[in-house]
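All values reported here derive from a predicted model rather than from experimental measurement.
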Amino acid sequence: MSESGLTVLDGTHLRSFNPSLPELNGSVSGAQLLEIADSKASTSLFGLSLPQNLKASALSRVIAGPGDHADVTFRQTELEKDKASKFLSDYISAIADELKDDPLVVSILDGNTLKMFLEDEDDYAMLAENLFTDMDIEDKGKICKNELRNALVHMGVEMGIPPFSEFPLLNDILKKHGDEGEEELGQAQFAELLQPILQETADALSENHVVIIHNVKVVNGSKLRKLLADKKQFDNVVERVLQETKSGKDGLQKTTELIRSFFEKLGKNFGLPPSESNDAVILLYDAVFSEVENEKSVVKADNEFREYMKDVLKKFAEKLEDNPIYCDLDD
């Protein structure tokens with residue numbers, strides 16, 4: 001997928017990946033093995049620099065014992081080839097499992113979006129004109145040459161430009177074209193100077209992709225399925241909802257209304273998207289509760305209530321698996 005869109009990394013790429021160890025002279029330390037494994041996983045995920053929490057969670061799935069002590073012990077352990085190969089395979093699978101539970105939403109900047117602008121004269125002319133207008137805040141018809149840097153920042157990830165912090169080569173490209181000068185540029189001069197900068201950036205990105213992780217939570221029902229599989233955790237949720245229903249304040253409400261109210265307030269703790277996230281969440285709630293309301297609207301016995309709750313959560317999990325909801329955590 002091009003950088004104008006988003007790519008969801010849910011472990012699928014890693015499940016089809018068959019990692020193999022490089023040639024080893026004897027044993028390998030756990031620390032060295034982790035470097036090899038992280039590098040192979042990163043390569044399979046478009047060059048993504050794996051987040052530390054993802055690596056730590058995957059490692060805890062594979063090694064015995066929780067906490068930092070087990071981590072340190074493993075890193076100091078020497079492993080022979082057979083055990084090292086098994087760990088490599090298990091660790092890559094663990095990363096895939098982590099991504100299935102909590103996918104990453106990324107933009108893969110490979111230069112294609114920039115090339116699309118550059119290959120069409122009309123598209124490029126409009127891009128340059130809009131950027132010039134945005135940079136010409138005093139409406140003088142002139143901007144300083146050093147505004148070229150701000151123009152790239154203004155374009156941003158959505159238009160194929162990575163942050164300077166993630167792609168320092170941008171500094172070299174701008175310096176090559178004299179962006180630090182105080183010379184004033186008209187719109188035509190700006191467009192003429194911007195074009196080779198974007199072309200060189202696109203060429204550089206095509207050789208070295210930049211992967212940007214977005215602060216977006218994908219709610220896909222994974223946490224709900226774990227809740228349903230854990231009897232103790234599920235019973236605790238049922239008990240909390242029962243306490244709400246027996247408190248008196250909601251005593252006249254139908255079961256569906258009580259459960260919906262509870263999950264709208266606290267559902268994100270159990271794997272539901274925040275009810276205020278977007279319209280898709282409202283539609284999800286409406287769909288689930290219209291279905292269960294058609295089946296039964298009043299439940300009296302606690303054991304019936306438990307089954308009713310399970311049915312509601314199963315429907316949520318199924319719908320979220322089919323159509324995950326994306327929640328922008330920056331909003």
Side-chain angles (χ1 to χ4, degrees), residues 1-17 44-46 48 51 54 57-58 61 92-108 211 213-231 233-234 237-238 241 254-297 299 305-331:
M1 186 181 296
S2 72
E3 58 260 48
S4 58
L6 300 175
T7 296
V8 178
L9 301 181
D10 60 2
T12 303
H13 295 88
L14 291 176
R15 294 189 191 285
S16 59
F17 177 50
S44 182
L45 296 174
F46 310 102
L48 171 72
L54 172 61
S57 297
R61 284 178 181 249
I92 296 293
S93 294
I95 292 177
D97 290 341
E98 285 292 324
L99 289 172
K100 182 180 179 181
D101 288 347
D102 194 8
L104 293 176
V105 178
V106 303
S107 287
I108 302 166
V211 183
I213 300 175
H214 294 277
N215 197 19
V216 173
K217 173 73 174 176
V218 181
V219 184
N220 60 7
S222 175
K223 193 171 180 179
L224 283 175
R225 288 188 287 276
K226 287 185 175 181
L227 169 63
L228 287 163
D230 186 327
K231 183 178 183 300
Q233 188 182 5
F234 174 68
V237 175
V238 172
V241 182
K254 290 188 296 184
T255 303
T256 50
E257 293 171 348
L258 287 164
I259 296 175
R260 177 164 184 159
S261 175
F262 177 84
F263 281 126
E264 284 179 339
K265 289 187 291 184
L266 300 171
K268 64 182 179 181
N269 298 327
F270 311 115
L272 286 169
S275 59
E276 69 278 6
S277 295
N278 51 49
D279 290 342
V281 180
I282 297 173
L283 292 173
L284 170 68
Y285 271 80
D286 287 346
V288 167
F289 284 100
S290 66
E291 288 181 20
V292 295
E293 198 164 30
N294 288 333
E295 295 169 6
K296 188 182 290 184
S297 60
V299 178
F305 187 87
R306 187 179 189 281
E307 291 306 309
Y308 193 74
M309 280 279 293
K310 182 178 289 187
D311 188 39
V312 170
L313 292 176
K314 279 183 177 178
K315 289 183 186 301
F316 269 121
E318 289 167 2
K319 291 184 182 299
L320 286 168
E321 184 174 22
D322 291 339
N323 295 290
I325 286 179
Y326 301 83
C327 301
D328 190 339
L329 302 181
D330 289 329
D331 287 345

Check: Considering all heavy atoms of both residues, which atom of Ala317 and which atom of Leu224 are nearest to each other, and what is their separation?
Finding: N-CD1, 3.8 Å
Checklist line | Inter-residue atom distance Lys315.NZ - Leu284.CG, 0.5 Å rounding | finding: 12.5 Å
Notebook entry, point to check: With respect to Leu48, which candidate in Leu9, Leu54, Ile108 satisfies the side chain to side chain contact (heavy atoms under 4.5 Å, CB included) definition?
Noted result: Leu9
Note to self: Against Asp101, only a single residue in Lys223, Arg225, Arg61 fulfils salt bridge (Lys or Arg N to Asp or Glu O under 4.0 Å); can you say which?
What the structure shows: Arg61
Margin query: Once rounded to the nearest 0.5 Å, what's the spacing between atom CG of Asp311 and atom CD1 of Ile259?
Written below: 9.5 Å
Next item on the list: State, yes or no, whether a side-chain contact exists between Leu320 and Pro273 at a heavy-atom distance under 4.5 Å.
Entry: yes
Note to self: Restricting to side chain to side chain donor-acceptor pair (under 3.5 Å), what partner residues turn up for Arg15, sequence neighbours left out?
What the structure shows: Asp97
Margin query: Applying side chain to side chain donor-acceptor pair (under 3.5 Å), can you list everything that pairs with Lys319, at least two apart in sequence or on another chain?
Written below: Glu291
Item checked: Distance in Å, Leu14 CG paired with Ile95 CD1, rounded so as to fall on 0.5 Å steps -> 6.5 Å
Item checked: Between CZ on residue Phe263 and CG on residue Leu272, distance to nearest 0.5 Å -> 6.0 Å
Notebook entry, point to check: So, for Gln233 and Leu227, which heavy atoms are closest and what is the spacing to 0.1 Å?
Noted result: CG-CD1, 3.4 Å
Notebook entry, point to check: Under the side-chain contact (heavy atoms from CB on, under 4.5 Å) criterion, do Leu45 and Leu99 qualify, and how do the steps go?
Noted result: CA-CA 11 Å; Leu45 296 174; Leu99 289 172; 4.1 Å; yes
Next item on the list: Calculate, to the nearest 0.5 Å, the distance between atoms CG and CZ belonging to Leu313 and Phe316 respectively.
Entry: 7.5 Å
Note to self: Looking at every heavy atom in both Val8 and Pro103, which two are closest together, and how far apart are they?
What the structure shows: CG1-CB, 3.7 Å
Next item on the list: Taking the side chain as every heavy atom from C-beta outward, state whether Tyr326 and Leu6 have any atom pair closer than 4.5 Å.
Entry: no
Note to self: Is there a salt bridge (charged side-chain N to carboxylate O under 4.0 Å, His left out) between Lys314 and Glu318? Walk through the geometry before answering.
What the structure shows: CA-CA 6 Å; Lys314 279 183 177 178; Glu318 289 167 2; over 6 Å; no
Pairs of donor and acceptor atoms involving the side chains of residues 213-221, under 3.5 Å and at least two apart or interchain, shall be tabulated with distances.
| residue | atom | partner | partner atom | Å |
| --- | --- | --- | --- | --- |
| His214 | NE2 | Ser107 | OG | 2.6 |
| Asn215 | ND2 | Asp330 | OD1 | 2.9 |
| Lys217 | NZ | Asp102 | OD1 | 3.0 |
| Asn220 | OD1 | Ser222 | N | 3.0 |
| Asn220 | ND2 | Lys100 | O | 3.0 |

Notebook entry, point to check: Could you give the distance from CZ (Phe234) to CZ (Arg306), rounded to the nearest 0.5 Å?
Noted result: 5.0 Å
